[in-house]
Amino acid sequence: MSSRVIPVRPFDYVVFGATGDLTKRKLIPALYYRFKAGQFDLRSRIIGISRSPLDDKKMQEIARVSIQKHVDEIYHDADVIDQFVSCFSYVSNDVTNKEGWTEISEKLRDDKEVVRAFYLAVAPNLFAPICEYLKGKNYCRDDARVVLEKPLGHDLASSVQINDAVGEAFSEDQIYRIDHYLGKETVQNLLALRFANAMFEPIWNAAHIDHVQISVAESVGAGTRGYYDEAGALRDMIQNHILQLLCLVAMEPPASNKPNALRDEKLKVLRSLKPLVGDDLKKNTVRGQYRGVRAETVEVASYQDELPDNLKGSHTETFVAIKAEIENWRWSGVPFYIRTGKRLAARMSEIVIQFRKVPHSIFSKDQGRPSANKLVIRLQPDEGVKLFMMIKDPGPGGMRLREVHLNLSFADTFEDRVPEAYERLLLDVIRGDQTLFMRRDELEEAWKWIDPIRAAWDEMREAPQPYTVGTWGPTSSVALIERDGRTWHEESDY
Ligand code: BG6
């Protein structure tokens, strides 16, 4: 089945941070894929802004190199690339220096038919000066949009500050806060799975579900981004991506898929998260930090080795596991085990819905014990959905139970490439669809749950537990779930 391409209105996309890593690795390739698919109106323009003293030609060269590096070669098409890069222009601008701003007005079209969007792919301390200036210059007319990249603060107070500053220039319905996990195909598929199939909803609750697992494992390290050591896995992954996934799994069916209907339901989940404090916090959270391996055939540095000298000894966590609980009727007593980490055994993100066992087995011990059903939603890689269930082992020899899975593999079922999250999100901004973006109250509610955890960890002044690269995290994260008589679902279970 091939996808339908619905062209969007012409736009002026102004990208602050045009020479940055995010723009090169994600934004330009995503826009290229949509351009190649024929989704652009050819009057659309992308205006790059950054401090470097470049010109339009150089920006176009940056776009070209970004495609060569980050777009799969089979999608390289010389004519299309030429056409695409000609949409780019550039303004050199130190956003803290007001003199540099005049040129933007020459690039922006004052045409109501052309959607105007400002993408802030810059450090959050620049959001306020940028928005203040945009407002001062009257660039943020009523239908203009602003896109904010994370980190949207490092705690509730800083997040409120950012939101207040942006809110001075743009109203909430003009603000698009990116959580790129919401743009992933498989994450959107959660909505279809839950709300376009009648069979799951009646059993999607504590009466039938034993527990839920959400794992986002990465095999890459934290890298040398200075930001990571300030953030750590709790702020970098749990506060946003994983809590958003948890909301989509746990929320009540919204009345429609209109942005606010969905976001209202997500907000209720965040408000129902049981605060983790005191003994609960000690028992139900695990922090880890990877340590390297040095063997004959392989050498991988530890997190500490990767840090510059002034940060050595850092207690920043590169792994987190948490047993979370949602205090409402639907989920009372159902733990949500969440974990994420860098340099783990594999790159793998998945959600596991573990159903309860049959109340009584009619089979003898020799015939096998029925394992509880399990629904595994694989977000990446090998996107798909697997339903683990019991059957009779075929053939003679009497009744023997066996666990098998129904496998809906996206790669096998659909011939199309699975689009990158940013492809959807960048054009949703132009469409004016906020469904897959975080509303201010959601963001702030998530910080309210995260802040006490962070504060308690900081107060403890304990080093995170070490784990060896290429494993599934510290042993205490295994203990976290095993002491409840449960186990993490892992690759070998396939
Ligand atoms: C980002 C985090 O938001 O998500 C990174 O800052 C992380 O640390 C990345 O590596 C993971 O995204 P994905 O799409 O590769 O799973």
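Numbers for residues simply follow the sequence, beginning at 1. Note that ligands are numbered from 1 as they come in the structure, with each ligand's atoms numbered from 1 the same way.
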Going by heavy-atom distance to atom 3 (O) of ligand 1, choose the closest among His241, Arg347, Lys342. His241
Atom indices of ligand 1 within 4.0 angstrom of His180 heavy atoms, with elements: 1 (C), 3 (O), 4 (O), 12 (O), 13 (P), 14 (O)
Value for CG (Asp77) from CZ (Phe35), rounded to nearest 0.5 Å, stands at 10.0 Å
Using a 4.0 Å cut-off to any heavy atom of Gln380, which atoms of ligand 1 qualify? 13 (P), 16 (O)
Can you tell which of Glu218, Met237, Met348 gets a heavy atom nearest to atom 10 (O) of ligand 1? Glu218
Do Tyr119 and Phe16 have their ring centres less than 6.0 Å from each other? no
Can you list the ligand 1 atoms lying under 4.0 Å from a non-hydrogen atom of Lys184? 13 (P), 14 (O), 16 (O)
Using a strict cut-off of 4.0 Å, indicate which atoms of ligand 1 neighbour a heavy atom of Asp236. 2 (C), 5 (C), 6 (O), 8 (O)
Output field: ring centroids Phe118/Tyr13 closer than 6.0 Å: no
For Glu252, the salt bridge (charged side-chain N to carboxylate O under 4.0 Å, His left out) test, sequence neighbours excluded, returns Arg330
Sorted by chain and number, sequence neighbours left out, side-chain hydrogen bond (donor to acceptor under 3.5 Å, both in side chains) with Arg339 holds for Ser215, Glu490
Counting only nitrogen or oxygen atoms and a 3.5 angstrom limit, does Tyr228 reach ligand 1? no
Verify whether one side chain among His70 and Lys24 offers a donor that lies under 3.5 Å from an acceptor in the other. no
Any idea which atoms of ligand 1 are less than 4.0 Å away from a heavy-atom of Lys150? 1 (C), 2 (C), 3 (O), 6 (O)
